[in-house]
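The sequence lines fix the lettering, A, B, ..., with proteins before strands; numbering per chain opens at 1.
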Number of protein chains: 2
Amino acid sequence: MARPTAKDRYHHGDLRAALLDAAEAELRAHGVEGFTLRGCARRAEVSHAAPAHHFGDARGLLTALAAIGYTRFLATQARHKQGATPDAQAQLVAAGLGYIDFARANPALFRLIFASDRPDHDNPALCAAARAAFDQLVGDVAAALGDGPQASAQGRAMVASTWALVHGMADLLITGRLPYLPQGDAAQEEAMLREILVRCLFAPPPGQTRAAPLAASPPGT
Amino acid sequence: MARPTAKDRYHHGDLRAALLDAAEAELRAHGVEGFTLRGCARRAEVSHAAPAHHFGDARGLLTALAAIGYTRFLATQARHKQGATPDAQAQLVAAGLGYIDFARANPALFRLIFASDRPDHDNPALCAAARAAFDQLVGDVAAALGDGPQASAQGRAMVASTWALVHGMADLLITGRLPYLPQGDAAQEEAMLREILVRCLFAPPPGQTRAAPLAASPPGT
DNA sequence: CGGCAAATCTTGCCAATGTCAACATGATGC
DNA sequence: GCATCATGTTGACATTGGCAAGATTTGCCG
């Protein structure tokens, strides 16, 4: 566990990783809107122009951080799914709770990913990370539906509504806006979130009795 | 239609309103993260320090703008509700579509209100505006449920899930993330949004057949 | 082993920004 | 009329992001 990255060396050793850590800490401390490139440099104890050699500019650093955030985002969902029963619906609910858990544990990172113009969302690496997260969602929904979601209009609506509901809960939660949430009791709170997810995600389409494997599209398409 | 606010007068006449307009234009042009107080002053053709006499600092201006945004937000919902059938469920759906419409028409303002730390969310006027919007939501849900939403656990979950779903759709839409949305055809697009809303908002609680006026809470509470 | 090129980091600089202080101008009320 | 206050301007300063030039290290190649 030798730590060769002594503070007094001209060359840092692994400044790139250190800057990413510093950037996340800055984000956590001051939010996306208070993020400062020079603050990152100070935190990493390098000069203010050092980050440019690794990330170009502030946008480059935030883009790289957003891509890393996506992988952590997926990891959190995977962790939650491992702790759930293996049936597809429970897996989908677990993924949703993981989505929300990530947002609450990393609100600034969540906002960097989903509600900030500062990262370059056209960057190939960031696009790929986003795509992976989306594919994961589509896969979970498909498994829960027992159907290729892109196939039917209902499947597509299911993907959209699942994402919207979970994303809305996460976004409202990190701004303290989700109303009537049982305060303090984590178990009770998760129960309510879970109940909402189950009720909405597996709601039958209008005119049907129960959801589960959906049949064909409704007449009129 | 006389326009006494000539550009060459020392006193502007109604700089406060002009700065709010300028701020909204700046927001629309550069987003919350690119917002600049000096840019507002330039747009209003006053010196860079003039805004301070009306709003104190940048945060003050954005706080006032956020409060105004809330009233427009409510007005958009009210307009949509007027165009819908008077039954409570249609009214709730119309309010949701108005929520989404506002977000799409004013994405930067929407983000200023719901996803920015720059306004002072403890400001009394802004708090009151937010409270009004929330009360409106609770009222709409109560009417659709035929029940005081705070009364039952289901009512509370209904308020939370309604808000979360609509908010999630709005937030994903303005970042171009809501998947599988029929492109181009506005009517078809609204139909899909409406279908999602109806399916989720009026979904029966697990173990019941249909929603409409909900009965009491399920056993076990 | 020597030396040179590239990578990495620093210092110094510039324009833009937010905020403050000091001053100028106009409106209002007595 | 005139004093007072609101409104607006100018100037200054610290902070920030980015660029250029120089310093230090690493690595490669003969």
query: Where the side chain of S47(B) is concerned, which of dT17(C), dT10(D), dC19(D) is the nearest nucleotide?
result: dT10(D)

- request: Name the closest nucleotide to the A49(A) side chain, picking from dT19(C), dG18(D), dC19(D).
  value: dC19(D)

message: Rounded to whole Å, how long is the line connecting atom NE2 of H30(B) with atom P of dA16(C)?
response: 14 Å

query: Which part of the nucleic acid, if any, lies within contact of R59(A), taking any heavy atom under 4.0 Å across all strands shown: a base, the sugar-phosphate backbone alone, or nothing?
result: nothing

query: What nucleotide, of dG8(D), dT16(D), dG18(D), holds the atom closest to the side chain of L37(A)?
result: dG18(D)

- line: Per side chain to side chain donor-acceptor pair (under 3.5 Å), D101(B) is matched among H80(B), R79(B), Q77(B) by H80(B)

- line: Of R16(B) and H53(A), the one whose nearest nucleotide on DNA chain D sits closer to the 5' end is R16(B)

message: What contact category does A58(A) fall into here, base, sugar-phosphate, or nothing, at under 4.0 angstrom with non-hydrogen atoms?
response: sugar-phosphate

query: Atom CG of L19(A) to atom P of dT8(C): distance rounded to whole Å?
result: 12 Å

message: On DNA chain C, does the nearest nucleotide to V46(A) precede the nearest nucleotide to R38(A) from the 5' side, or the other way round? Give the residue.
response: V46(A)

field: Aromatic plane relationship, F110(B) with F114(B) - under 30° parallel, 30 to 60° tilted, over 60° perpendicular
entry: tilted

- prompt: Separation of F55(B) atom CZ from dT7(D) atom P, in whole Å?
  reply: 11 Å

message: What's the closest nucleotide to the side chain of H48(B) if the choices are dC9(C), dT17(C), dC20(C)?
response: dC20(C)

- prompt: Which residue lies toward the 5' end of DNA chain C, R118(B) or L15(A), if each is placed at its nearest nucleotide?
  reply: L15(A)

message: Measure CG/L61(A) against C1'/dT16(D) and give the value in whole Å, please.
response: 15 Å

message: Can you identify which nucleotide, out of dT19(C), dG17(D), dT8(C), has its nearest atom closest to the H54(A) side chain?
response: dT8(C)

- request: To the nearest Å, give me how far apart CG (D14(B)) and C1' (dG26(C)) are.
  value: 16 Å

field: Pair E26(A)-T36(A), side-chain donor/acceptor within less than 3.5 Å
entry: no

- request: Evaluate salt bridge (Lys or Arg N to Asp or Glu O under 4.0 Å) for R111(A) paired with D117(B), printing each intermediate quantity in order.
  value: CA-CA 11 Å; R111(A) 278 210 179 150; D117(B) 293 329; 3.6 Å; yes

query: In whole angstroms, how far is the C1' atom of dA15(C) from the CZ atom of R42(B)?
result: 12 Å

- prompt: Is R28(B) reaching over with its side chain to a backbone N or O of A108(B), donor-acceptor style, under 3.5 angstrom?
  reply: no

